[in-house]
Amino acid sequence: MASVAASLSSRSAKQKAEVARNYQKDGKVGEGAYAVVYSGIQLSTKRKVAIKKIKLGQFRDGLDMSAIREVKTLQELRHPNVVELVEVFYQKTNLNLVLEFLESDLEMVIKDKSIVFMPGDVKHWMLMTLRGLDHCHRNWILHRDMKPNNLLIGHDGQLKIADFGLARDFGDRGRQLTSQVVTRWYRAPELLFGAREYGYGVDIWAVGCIFAELLLRNPYLPGNSDMDQINIMFQALGTPTEADWPGLSTLPNFMQYRQYPKTPLRLLFTAAGADTLELLESMLIYDPNKRISAREALLHPYFFNKPRPTKLENLPKPARETEQAVLKRKAAELGELTNAPKKR
Ligand code: ADP
């Protein structure tokens, strides 16, 4: 954080005002847990950008920390599959993160039923996701909120990991972390059992759930409570035993659950090839120590076998949403969340 704070505070008031004046904020494109996101223009270059406006000082529960973490992480991570942080500036009590603008995300693509996915499309989206994630993990950063709507897609088809508000450094063994991370449907079993020490496996599990969702065109494990999440997971993948996962019974929230048998993935993923299922299975291994890493996954035969990943320019894109449609979609989702218990 030192570099962010230093670069911000070393600017004179005049310089700060100049930086802010270089951006024109347009319509609202999204609202997250702690920020409002606008589309905008960098006036000096005419580049379209996204401006994530975070009001500082209004939260007591560490949300300011999320903003700081996000800036720090994005400054450290420069990669074609990680969203680019263009600039940071203060305006009044707001911290503004200027990000490259990406028009859609993987959730929009999955939900757009007018699009038919080819196996090569799924392969390229997985490849880009894993390349971005491998870069995070090589830099000792856990994302901790991998899900389809945090995988943004640009006009050129590039997929980029975004929303690093929950990201953390990892690597110190014994360091206690919170288990209340990762949107429930993508949450790894060790988090559901309250583990305070965990690693890259939590992101890989989430990527496994995203992979399954791309194959099914529906969320794979859509639990409507933490208990339900565990139940759905066990039904899908079998109840784990101490033999599958040594140490399981010592996790803080471990309980004895109903024993479900393990059903082969091919019974649900009927159209997927053997290499696809093998990679998927290695991401959804209960024991985090046995789960595949992003680096290993990138070397899996799935990525080298046919079909080849679809060329970037040929990847399907959702019908361009107008701002109106975005607002309508968000309002509809909000309605869904308040009416139904299925909250992710
Ligand atoms: P939060 O961290 O508060 O959850 P997000 O980073 O997820 O916020 O952003 C909220 C929404 O804003 C996203 O779902 C997306 O619609 C939009 N958004 C975020 N970043 C960008 C970007 N770089 N380009 C375009 N839209 C974005």
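What you see is a predicted model, and the numbers here were worked out from it, not measured in a lab. All residue numbers in this chain count up from 1 along the given sequence.
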Would you check if there is a donor-acceptor pair between the side chains of D275 and N305 at a distance under 3.5 Å?
-> yes
Mind checking salt bridge (Lys or Arg N to Asp or Glu O under 4.0 Å) for E84 and listing every partner two or more places apart, or none if nothing turns up?
-> R47, R78
Tell me, which pairs form a salt bridge (charged side-chain N to carboxylate O under 4.0 Å, His left out) where one or both residues lie in residues 290-299, sequence neighbours left out?
-> D134-R295, E190-R291, D287-K290
Output field: ring centroids W185/Y220 closer than 6.0 Å | no
Give me the one residue out of D228, D145, D226 that meets salt bridge (Lys or Arg N to Asp or Glu O under 4.0 Å) with R184.
-> D226
Got a donor-acceptor contact below 3.5 angstrom from the H79 side chain to the H135 backbone?
-> no
T73 and E70: side-chain donor and acceptor closer than 3.5 Å?
-> no
Pair N231, Q229: side-chain N/O donor-acceptor within cut-off below 3.5 Å = no
L267 backbone acceptor or donor facing T270 side chain under 3.5 Å = no
Selection residues 276-286 - residue pairs positive for salt bridge (charged side-chain N to carboxylate O under 4.0 Å, His left out), sequence neighbours left out | K262-E281
Do any N or O atoms from the side chain of Q42 and from the backbone of N22 form a donor-acceptor pair under 3.5 angstrom?
-> no
So does R144 pair up with D163, basic N to acidic O under 4.0 Å?
-> no
Answer yes or no: is there a donor N or O on one side and an acceptor on the other, between the side chain of N139 and the main chain of I141, under 3.5 Å?
-> no
By side chain to side chain donor-acceptor pair (under 3.5 Å), which residues pair with K123, not counting sequence neighbours?
-> none
Report yes or no: does T239 contribute a side-chain atom to a donor-acceptor pair with the main-chain N or O of R258 at less than 3.5 Å?
-> yes
Mind checking what makes side chain to side chain donor-acceptor pair (under 3.5 Å) contact with T250, not counting sequence neighbours?
-> none
Okay, side chain of E313, backbone of D156: is any donor-acceptor separation there less than 3.5 Å?
-> no
Quick one: do K317 and E103 make a salt bridge, cutoff under 4.0 Å?
-> no
Which pairs with one or both residues in residues 86-99 pass salt bridge (charged side-chain N to carboxylate O under 4.0 Å, His left out), sequence neighbours excluded?
-> R11-E87
For L159, does its backbone N or O pair with a side-chain atom of N81 as donor and acceptor, under 3.5 Å?
-> yes
For the pair K48 and E100, find out whether any cationic side-chain nitrogen is under 4.0 Å from an anionic carboxylate oxygen.
-> no
Sidechain-backbone polar pair: D112 side chain, S114 backbone, donor-acceptor under 3.5 Å | yes
